[in-house]
Structure formats: C-alpha cells, structure tokens
> 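One structure, pasted below without further comment.
Just the heavy atoms: all of them, side chains too, but no hydrogens, waters or symmetry mates, feed the values below. Below, chain A is the first sequence line, B the second, and so on; all start at residue 1.
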Amino acid sequence: MSSSELQSLYQEIILDHSRQPIGFGLVGNADGSSHQLNPTCGDEVTLEIAIDEHGLAHVHWEGHGCAISQASASLFSEMVGDGMSLDALDERIESFRTAMRSRGKIQPDEELLGDAAALGGVSRYIARVKCAMLAWVAAEDAIAQARA
Amino acid sequence: MRSLRQYSGAHRLEGTTESRTAITPATPTDHALTPSEVSAIRADFPSLQQEVNGHPLAYLDSGATSLKPRQVLDAEREFYERHNSAVHRGAHTLAALATEFFEDARATVARFIGAAEDEVVWTSNATEAINLVAYGISAASARGGADAVSLRAGDEIVVTEQEHHANLIPWQELASRTGATLRFIPVDDAGELMLDGLDETITERARVVAFTHVSNVLGSISPVDRIVARAREVGAITVLDACQSVPHMAVDVASLDVDFMAFSGHKMLAPTGIGVLYGRRELLNALPPFLTGGSMITTVTMERAEYLPAPQRFEAGTQRVSQAVALAAAIGYLEAIGMDRIAAHEAALGARLADGLAAIEGVRVLGPVAGAERVGLASVDVAGIHSHDVGQFLDDRGIAARVGHHCAQPLHRRLGVTSSTRASIYIYTTEEEVDRFIEAVADSRDFFGVRP
C-alpha cells in the first residue's frame, strides 16, 4: 500500500530504466566528460559526450546511486538516441530543468523529452530534484567542454 | 522576580510532571519504560502530535537530532521573556540573574557527566568542541606550548575506522599542520573495532587517541576501558566523541577516565547551537584558546593579552545563554525519567529493531549481529535499493529515518556499501513505531520489485 504520489514518483518506466540502464558504460575518447556527485547521498554520474562527423552528440555514462538518478541518466541517453545536435540538447536540458524546478506546476514536454517526461513526478519532491538533474548537469558540463 | 533556585528547580520538576506520575519510586532503575510512561512522555512533544503524508509521524531520526519537549522550549522562552541579559558583565539585576542561570546550567551539565564545573566548556556543537581541542593542540605545537598538548613531526594521532567525519577530519587537519601521522584502529567485516593489534596501532609515539563512544552508524558501544588503558600506557591524550552516548545512557567521565569528551545538546532534547566540551582541568588550562576576543581575557594591551583560566578562556564573545539554560532543562527532563531506564528502554527497542530487520530477506543489518549489545539504533542495506529510495518509501508512510552515509564515508566503504538507511530511537519511541519501520523496509522490496 503506497500513495499515488509515490507511485507517480516511481513509475514503472523509471524503475525499469534504473534496473536496465541505457547507454551505460564509458568508451573514452569523448569530446567532453563530466563527473557529478551529490555529496548528501552519494549519487554519482560520469557522462561523456562525443561529437561525430555530422556534428551530432552521442552519450555514454556510468554511475551509481538512487533509482531516480540512475533512471534519469538512462532516460537522457535514450532521448539522445543515435545522435542529437548540441543545440537540440541545450533546448531539452533547459526544458527539463524548468519542469524539475516547478514544484509540480509544469509537466515535462513529452514531445521534446520523450520518456524522460516520466520524471515529472520528481519535481514535487524538492529533496530529489538534484537526483533527477544529476545526469543533465553532467551533460551540460560535458557539452560546454565539447564546444570549447 | 523568581530566584535562581526556583527557576531551575521548578523547571526540572515541571519538566516531567506527566512522566513522574507514571514512575513510582518502586520501579527498578534499569527497568524499561512502560507503554503508559512512553505515552505520557510523548504528550510533552508537540512534534509528535502531527501527521506526515497522512500517517502519524514515526520519528526515528533522533540520532541526527532529537525532538524537543514543551518543557525545554518553555525554559528557553521564559529565559528570553524574563531574564534575557548579557552574562559575565554589567551590574544590573538581570545581568546578574542571567549569569547565574548560565553558570547554573554549567553546573547541571557538570553534575550530569560527573565533571567539575570548570571542566565544562560551552561550544556550539560537538564538532566545534573537537575542533577546539585540535586547534588548541595545533597552537600549542606551533608556539612551544606545554608538552602535554603539543605535537611534533613523527608523533602519532590515532582514530578509528568507525568515526563520524567530525572526529576524523579535525585530526587529519591537525596531522597535516603538525607533521604528525594519522593512524586508525580498523574494523572487521561486521564493523567491530579490531583490538587485537591495539598495541601496534597505539604505539609509544601516539600523543592523541580520538574515538567514538557509540557508533552513529552501527549502534555498537566501544570498549572505552581497553582503549583508554592503552592510551594511558603510552601517555596519549584521549578524546571521546560522546554524541550518541550522553543523550541515551548514564555517562560518567571520571569512571571513563577520558581526557576530553564532546557532545551536542540538540541530540538530547535541547535546541541547536549548544554543545559541550569536557576537559580534564590541567589539560584545559594547558591548551591555548581556539577562538579569541571578549570575555576570555584578564589584561589586554595593544601588543598582547593574558587569558582567563578554563572554561572562560574558551568562551570568547557572546555566549549561547538561552541554549545553555534549555540544555539544563533537557537534562532535568532526562534525569527525572532516569538515564538507566532510558538506556533499558532503548536497548529493548534496539534489539527488537535489529532482530526484526535481520529477519527480512535481502536486508543486511550493519554492525553487531542480532543479539549482540547495541543501543537503540540500526542501519540497514537493502539489496538492490538505494537508501534514498528506501527513505522516500518510508517518508510516504510518515516514517522519518536517516539515509545516506551518516557522515561516516570510510566506515560505509569498509563495509562495502555507499550508504544505508538508519532508524534511531529515543525516549518517545514506541514498539509500534519500530514495527512500522520494519514492515515498511520489508514492503519497500515489493514496491521496488527486488523481492524474488
């Protein structure tokens, strides 16, 4: 017996991604790489961005931590899929951040973010927003390095 | 105007009116609290009269900070409403009264831990108390201070692998400032201190031995006598982190025979912002001050200053007066129940907690095995579920527990986990709350789908 709020926080798709993550495993030779740590709970994500000859970003990551932080990294990888432009990534990271900071008022844009929109329930739990943002902050940092 | 005696004495009695009616003198002092006594105690805690996420709050995070009874809140409010004034200065009536209350609070703490009044130093918290010792040793070492409190390159500081960061990092820093070497007493796979090699870890070069009385992660009680005996043999100063013991059991510094001891008020019913450093008189007076400024001097010229003896030499600037008064009220509240009875209550619930958790498949209780001595505290690793997720599940049921590394990363790393979920018990904790925690931890495995 658990509340519907808790079930909306931990949707099945989130638990699936946390158990069988997409994009897990670093390959090296990245154009940008960022390690992010949440010192309060020990969540860690290292995320690499590699740019191909068409200017598209590809993502690989490793990490450990709570279901939200790990599922979020996996959902980010799934969203990037077979490659995405840096500008498209910027837009999505910004959109995701806005939803996460909205305390439940703004639903994530499913067309833009795909299944990562399932993380919308996190925004009502202020203490967990940082978990959901961890991979996205790592991506932002890695993208900045790739551009430099 | 009420006299000092009426003030502190009345609070001590008022503080426990309800619980006193339930405790008769015939009750053995080591007898656990009865359900009706616990329920009378709970009525004193406004925090417990609320629901969280649609459930009655089960507050199992007292190891982090305790809830506060009305009597303690009232004592602090009454001080501000009636007696607020600057202490140790001013000739007016309120200033004299405030000073008396402040010093009476010190006397209450001293009596509570079996120390002399001039051996009790107010600090903001235990962390500051430990830093006060570490920085005092640092200053003595740098300026040719007394040998007893000075370190040189080649000297050794010994801690344990169980330590809270607050009793580890100050010593890392002291070692790096003085050229001393930091060593530690390791723990075994169960987290127990390995004392077989004690003589090799605490050698003739050891000058400081700092260790915890009760582990804030494991709930185990350290063999203080063995460690102190070895430290004495080699002439090392002992520093005891008593944050998880003083609030929960009778602690007497004379029989523990430690040189320094630190604890925090906020873990024992008092407000935040008040902590205590006990120090052996001759060592305190050999130690240079940590913070300097007003109220801690005798003569000041433009070039130099002479310092007061302990404890005032460590109490520069405006002090935590209302918090000290409230801490004395908190001690009065605890003593009216009886520290031995509190310890018995918590040991019984701690055993129930550890046994119940150990019986759940996929749940590893860190620290002493079921049946071994532990205080009312247990941390678990739930296979396949991060502690933050367990904590979120518990919160959904109105259960407040601590998740993460509990400021003890090295211990968690040694035990092969990055974090854990901790329940910690206090005077107001019921069997029903302990059972709710056990049941919720078991159910979290269903929710997160890790049950086979």
> Other residues, nucleotides and ligands only: do more than 12 of their heavy atoms fall within 6.0 Å of CD on A/Gln20?
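For A/Gln20, atom CD is not crowded (no more than 12 foreign heavy atoms under 6.0 Å).
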> Is the CD atom of A/Gln145 crowded by more than 12 outside heavy atoms at less than 6.0 Å?
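Correct, the count exceeds 12.
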> Is the backbone of A/Cys66 close enough, under 3.5 Å, to the side chain of B/Asp389 for a donor and an acceptor to pair up by distance?
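Here the side-chain-to-backbone pair does not exist.
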> Around B/Glu192, counting heavy atoms of other residues, nucleotides and ligands shown, do more than 12 lie under 6.0 Å from its CD?
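Atom CD in B/Glu192 is not crowded, with 12 or fewer foreign heavy atoms closer than 6.0 Å.
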> State, to 0.1 Å, how close A/Leu15 and B/Phe447 come at their nearest heavy-atom pair, and which atoms those are.
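Residues A/Leu15 and B/Phe447, closest heavy atoms: CD1-O, 3.9 Å.
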> Under 3.5 Å, side chain of B/His388 to main-chain N/O of A/Ser69, donor-acceptor pair present?
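No, the answer is negative, given that no donor and acceptor are paired below the 3.5 Å cut-off.
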> Can you tell me how far apart NE2 (B/His55) and OG (A/Ser3) are? Round to the nearest 0.5 Å.
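B/His55 NE2 to A/Ser3 OG: 7.0 Å, rounded to 0.5 Å.
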> Looking at A/Arg19, A/Glu5, A/Gln70, which has the largest count of heavy-atom pairs under 4.5 Å with chain B?
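Among the listed options, the one with the most contacts to chain B is A/Arg19.
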> Return yes when atom CG of A/Asp87 has more than 12 non-hydrogen atoms of other residues, nucleotides or ligands closer than 6.0 Å, and no otherwise.
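Atom CG in A/Asp87 is crowded, with more than 12 foreign heavy atoms closer than 6.0 Å.
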> CG/B/Asp396 to OH/A/Tyr125 distance, rounded to the nearest 0.5 angstrom?
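The distance works out to 5.5 Å.
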> Test A/His64 against B/His386 for side-chain contact (heavy atoms from CB on, under 4.5 Å), laying out the working first.
CA-CA 9 Å; A/His64 57 86; B/His386 190 273; over 6 Å; no
> Could you tell me which portion of A/Ile68 (side chain, backbone, both or neither) has an atom closer than 4.5 angstrom to a non-hydrogen atom of chain B?
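It is both, since atoms from each part get that close.
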> Taking atom CZ as the centre, does A/Arg103 end up with more than 12 heavy-atom neighbours from other residues, nucleotides or ligands that are less than 6.0 angstrom away?
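No, CZ of A/Arg103 has 12 or fewer neighbouring heavy atoms, counting only those of other groups under 6.0 Å.
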